[in-house]
Novice: 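Supplied in structure tokens, the structure appears directly below.
Keep in mind that what you see is a predicted model, and the values were worked out from it rather than measured.
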Amino acid sequence: MMATKVLQRIGAAILITLGVGHLILSIIFKGPKMLDWVTQGLWAAVPLKVGTQPSIEALQNAAVFWASIGSFAIPSILLGVLQWTLAGRGITPGSWLGWAVTVWFALLTLLLVPSPGILGVIAGILFLIATRQARPT
């Protein structure tokens with residue numbers, strides 16, 4: 001049981017670190033553009049004008065949005081915190097979670113080269129191992 005908890009917590013820490021790191025880098029590199037959202041209104045992040053050709057500024061805003069708070073970072077942090085909490089309570093989710101995290105990050109890693117997404121694959125594999133160890137024999 002202890003090894004299962006440790007595996008879950010290591011995987012959770014990886015997901016939290018990836019998410020927080022991504023947000024920090026987004027703020028460092030795109031922070032001034034995010035601050036523009038405050039002055040322009042939060043709807044400026046991804047304008048919802050249908051049928052019009054988006055301006056360069058609108059495309060830049062959308063790119064910043066999808067690279068920051070619209071990215072995988074926040075779901076990754078939330079999933080890591082959930083997994084950390086479940087491990088603390090002695091609960092191991094089903095293998096579907098490990099597979100979902102593994103496939104999700106494998107796709108991210110393949111599509112966004114170079115990327116630290118391989119660490120998310122490792123987290124997913126740790127979740128799968130923890131699930132297998134938690135099964136009654």
Novice: Rounded at 0.5 Å granularity, tell me how far CZ in F127 sits from CG in L7.
Specialist: 10.0 Å
Novice: Looking at T131 and P93, would you say the former's side chain and the latter's main chain have a donor-acceptor pair under 3.5 Å?
Specialist: yes
Novice: Flag yes if more than 12 heavy atoms outside K33 fall under 6.0 Å of its NZ atom; otherwise flag no.
Specialist: yes
Novice: Applying the side chain to side chain contact (heavy atoms under 4.5 Å, CB included) test to Q8, which of I91, I129, T92 qualifies?
Specialist: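 Result for side chain to side chain contact (heavy atoms under 4.5 Å, CB included) with Q8: T92.
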Novice: I27, I69: one ILVMFWY side-chain cluster at the under-4.5 Å cut-off?
Specialist: yes
Novice: Is there a continuous path of hydrophobic side-chain contacts, each under 4.5 Å between heavy atoms, that joins I125 to L107?
Specialist: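 No.
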Novice: What are the two closest non-hydrogen atoms of A73 and G19, and how far apart are they?
Specialist: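 Nearest pair, atom of A73 first, then G19: CB-O, 3.4 Å.
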Novice: Distance-only, no hydrogens or angles: does the Q133 side chain make a donor-acceptor pair with backbone N or O of K5 under 3.5 Å?
Specialist: no
Novice: Which atoms form the tightest heavy-atom contact between G11 and A123, and what is the distance?
Specialist: O-CB, 3.5 Å
Novice: Any donor-acceptor pair under 3.5 Å linking the side chain of H22 with the backbone of A67?
Specialist: yes
Novice: Could you tabulate the donor-acceptor pairs under 3.5 Å formed by side-chain atoms of residues 111-121, not counting sequence neighbours?
Specialist:
| from | atom 1 | to | atom 2 | distance (Å) |
| --- | --- | --- | --- | --- |
| S115 | OG | G117 | N | 2.9 |

Novice: Roughly how far, to the nearest 0.5 Å, is the CG atom of L86 from the CZ atom of R9?
Specialist: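 Answer for the CZ-CG pair, R9 versus L86, is 10.0 Å.
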Novice: With L78, which of L82, V81, I74 fulfils side chain to side chain contact (heavy atoms under 4.5 Å, CB included)?
Specialist: I74
Novice: Looking at OG1 of T4 and CZ of R132, how far apart are the two atoms once the value is rounded to the nearest 0.5 Å?
Specialist: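 If we round to the nearest 0.5 Å, T4:OG1 and R132:CZ are 12.5 Å apart.
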Novice: Are I56 and V64 connected, step by step, through hydrophobic side chains (Ile, Leu, Val, Met, Phe, Trp, Tyr) whose heavy atoms are closer than 4.5 Å?
Specialist: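 Hydrophobic grouping puts I56 apart from V64.
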Novice: Tell me whether I10 shares a hydrophobic cluster with V101, the cluster being built from Ile, Leu, Val, Met, Phe, Trp, Tyr side chains joined at under 4.5 Å.
Specialist: yes
Novice: Are more than 12 heavy atoms from other residues, nucleotides or ligands located less than 6.0 Å from atom CH2 of W99?
Specialist: no
Novice: With clusters defined by side-chain heavy atoms of hydrophobic residues (ILVMFWY) lying less than 4.5 Å apart, directly or transitively, does F105 cluster with V103?
Specialist: no
Novice: Could you give the distance from CG (L18) to CG (L79), rounded to the nearest 0.5 Å?
Specialist: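 One gets 11.5 Å once the value is rounded to the nearest 0.5 Å.
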Novice: How about P75 and W104: do any of their side-chain heavy atoms sit closer than 4.5 Å?
Specialist: yes
Novice: Kindly compute the distance separating CG (L25) from OG (S71), expressed to the nearest 0.5 Å.
Specialist: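 Answer for the CG-OG pair, L25 versus S71, is 11.0 Å.
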Novice: Got a donor-acceptor contact below 3.5 angstrom from the S76 side chain to the L15 backbone?
Specialist: yes
Novice: Going from CD1 on I77 to CZ on F72, what distance comes out if it is rounded to the nearest 0.5 angstrom?
Specialist: 9.0 Å
